[in-house]
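Order of appearance sets the numbers: ligands from 1, and atoms from 1 within every ligand. Worth saying up front: this structure is predicted, and the values here are computed from it rather than measured.
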Amino acid sequence: MIDLIAKYNREIDSFSIQTSEDLLNFRNKYLSKKGLLSSLFNDFKNVTNDKQLIGKQLNELKKKITERYEFFKCQLSESEHEFHFDLTLPPVQYSVGSRHPVSIVRKEIIQVFSRLGFTVYEGPEIEDDWHVFSGLNFPPEHPARDMQDTFFIEKDPDILLRTHTSPVQVRAMETEKLPIRMVFPGRVFRNESISARAHCIFHQIEGLYIDKNVSFADLKQTLIFFVREFFGDQTNIRFRPSFFPFTEPSAELDVSCTICNGSGCNVCKYTGYLEILGCGMVDPNVLDSSSIDSKIYTGFAFGMGIERIAMLKYQINDLRLYFENDIRFLSRFKSAL
Ligand code: PHE
């Protein structure tokens, strides 16, 4: 019996399979009810000498055969897989992510201004009162300083989330060499309840140009260039007088409605125009408080909401869509940028 076990051991070592038929034969030969293994176990009942040794060898043989069988099974299923691999099929398409519309529009705006020599400068989102309000000529009782509009960092009324990107102007004026010709993109925060038309987080891009002899004509020309580049040659522009504590004179800029081209629709509320930004000549108080001599230097500033520009460009009528990150919304935006 010992010889027989040794013989089967050798046989099994040299056994190999190619097809599922070979696998079946292997199983029938060794593992089935009438197979060699069960007949060995039957014979074992009659063994009298060396019973312990033979029993051990038999169990080892059984283990080996079952392991081999499992191994052959895996081998076969792998090779069958290879066999079923259709190399002529087109590859699975991996979908590439797309840029967020706010990122696309921010980049496009920056590109237009960079052609006029503006560089990008960024500031912190958590600011102090000086940069957001006082340094920008906001009087102490100005409503924007109210808790209802501004998120203050707990306990310290001096530390707050910036409500606009204008504090970055102040930082640039404090640290950069003149002339300054910069744009400041960034996130801003306002204490608003969230709806289709308002959100507590949004993005702005601000521009600042300070040099000798900068005039309102330069401001108009720069913004007209931007509008025509961004919205197209045919776009009409309208400046309306306005007020900001940090600019004097101040204006708001409207462009002819991107939906109805100025003929009147419900997006422009039948006025033919849409407001896109605020602007003005930097107030001499603001220059002086940043140690820039307002008798020598003048400047202009402008600021716009990026979501608002994206809304007009892509006709998105709900601000909340920008923050929900719904893949069905995001995948609509394809950009080479
Ligand atoms: N900071 C202003 C706002 O948030 C926009 C603005 C910027 C107006 C620069 C004038 C000049 O509404």
Side-chain angles (χ1 to χ4, degrees), residues 102 106 109-110 113 116 118 120-125 127 129-139 142-146 148-151 160-173 180-192 197-210 214-216 218-224 226-227 237-255 274-287 289-290 292 294 297-311 319:
V102 168
R106 180 182 53 201
I109 296 172
I110 291 173
F113 285 108
L116 294 174
F118 284 77
V120 177
Y121 185 95
E122 283 175 292
E125 293 177 346
E127 268 291 8
D129 178 279
W130 170 258
H131 290 94
V132 179
F133 298 127
S134 304
L136 285 163
N137 206 30
F138 277 80
H142 195 283
R145 291 166 175 260
D146 200 300
Q148 261 138 24
D149 295 297
T150 306
F151 288 114
L160 43 100
L161 298 182
R162 64 182 180 195
T163 53
H164 54 173
T165 40
S166 304
V168 196
Q169 282 188 38
V170 181
R171 290 189 177 274
M173 288 191 277
I180 291 172
R181 204 188 289 156
M182 290 174 168
V183 281
F184 317 113
R187 262 198 317 186
V188 300
F189 307 85
R190 286 188 196 172
N191 197 353
E192 305 245 14
R197 301 181 64 84
H199 208 289
C200 56
I201 306 176
F202 56 100
H203 298 77
Q204 286 189 333
I205 185 160
E206 186 105 356
L208 178 68
Y209 178 33
I210 301 178
V214 177
S215 70
F216 201 87
D218 298 315
L219 165 65
K220 280 179 90 172
Q221 214 44 57
T222 305
L223 293 178
I224 289 168
F226 163 70
V227 167
I237 292 158
R238 182 168 87 173
F239 283 88
R240 270 182 298 105
S242 185
F243 174 79
F244 300 101
F246 38 95
T247 47
E248 182 57 36
S250 305
E252 274 167 329
L253 191 156
D254 299 342
V255 295
L274 297 161
E275 181 203 319
I276 63 157
L277 58 83
C279 58
M281 300 306 291
V282 181
D283 193 305
N285 284 344
V286 173
L287 294 174
S289 64
S290 299
I292 294 174
S294 62
Y297 288 98
T298 50
F300 67 73
F302 56 87
M304 62 190 109
I306 299 181
E307 282 82 357
R308 174 146 184 92
I309 307 283
M311 265 176 146
L319 264 178

Contacting atoms of ligand 1, where contact means under 4.0 angstrom from a heavy atom of Ser166: 1 (N), 7 (C)
Nitrogen or oxygen atoms of Gln204 and ligand 1 under 3.5 Å apart: yes
Straight-line distance of Phe118 CZ to Phe226 CZ, nearest 0.5 Å: 11.5 Å
Identified side chain to side chain contact (heavy atoms under 4.5 Å, CB included) counterpart of Cys279 within the set Phe300, Phe302, Phe244: Phe302
Side-chain heavy-atom pair Thr222, Phe113 within 4.5 angstrom cut-off: yes
Polar atom proximity, Thr163 to ligand 1 (N or O, under 3.5 Å): no
Ligand 1 contact by Met304, heavy-atom criterion under 4.0 angstrom: no
Mode of Ser250 contact toward ligand 1 - side chain, backbone, both, neither (heavy atoms, under 4.0 Å): neither
For ligand 1, the portion of Met281 having any non-hydrogen atom under 4.0 Å away: neither
Residues, nucleotides or ligands: over 12 heavy atoms within 6.0 Å of Gln221 CD: no
Nitrogen or oxygen of Thr247 less than 3.5 angstrom from that of ligand 1: no
Pair Glu192 + Arg197, salt bridge at N-O below 4.0 Å: no
Option among Thr165, Leu277, Thr163, Ile306 that satisfies the side chain to side chain contact (heavy atoms under 4.5 Å, CB included) test with Gln204: Thr165
Result of checking His164, Arg162, His199 against Arg190 for side chain to side chain contact (heavy atoms under 4.5 Å, CB included): His164
Those atoms of ligand 1 less than 4.0 Å from some heavy atom in Cys279: 8 (C), 10 (C), 11 (C)
Of the listed options Phe244, Phe246, Phe184, closest to atom 11 (C) of ligand 1 (non-hydrogen atoms): Phe246
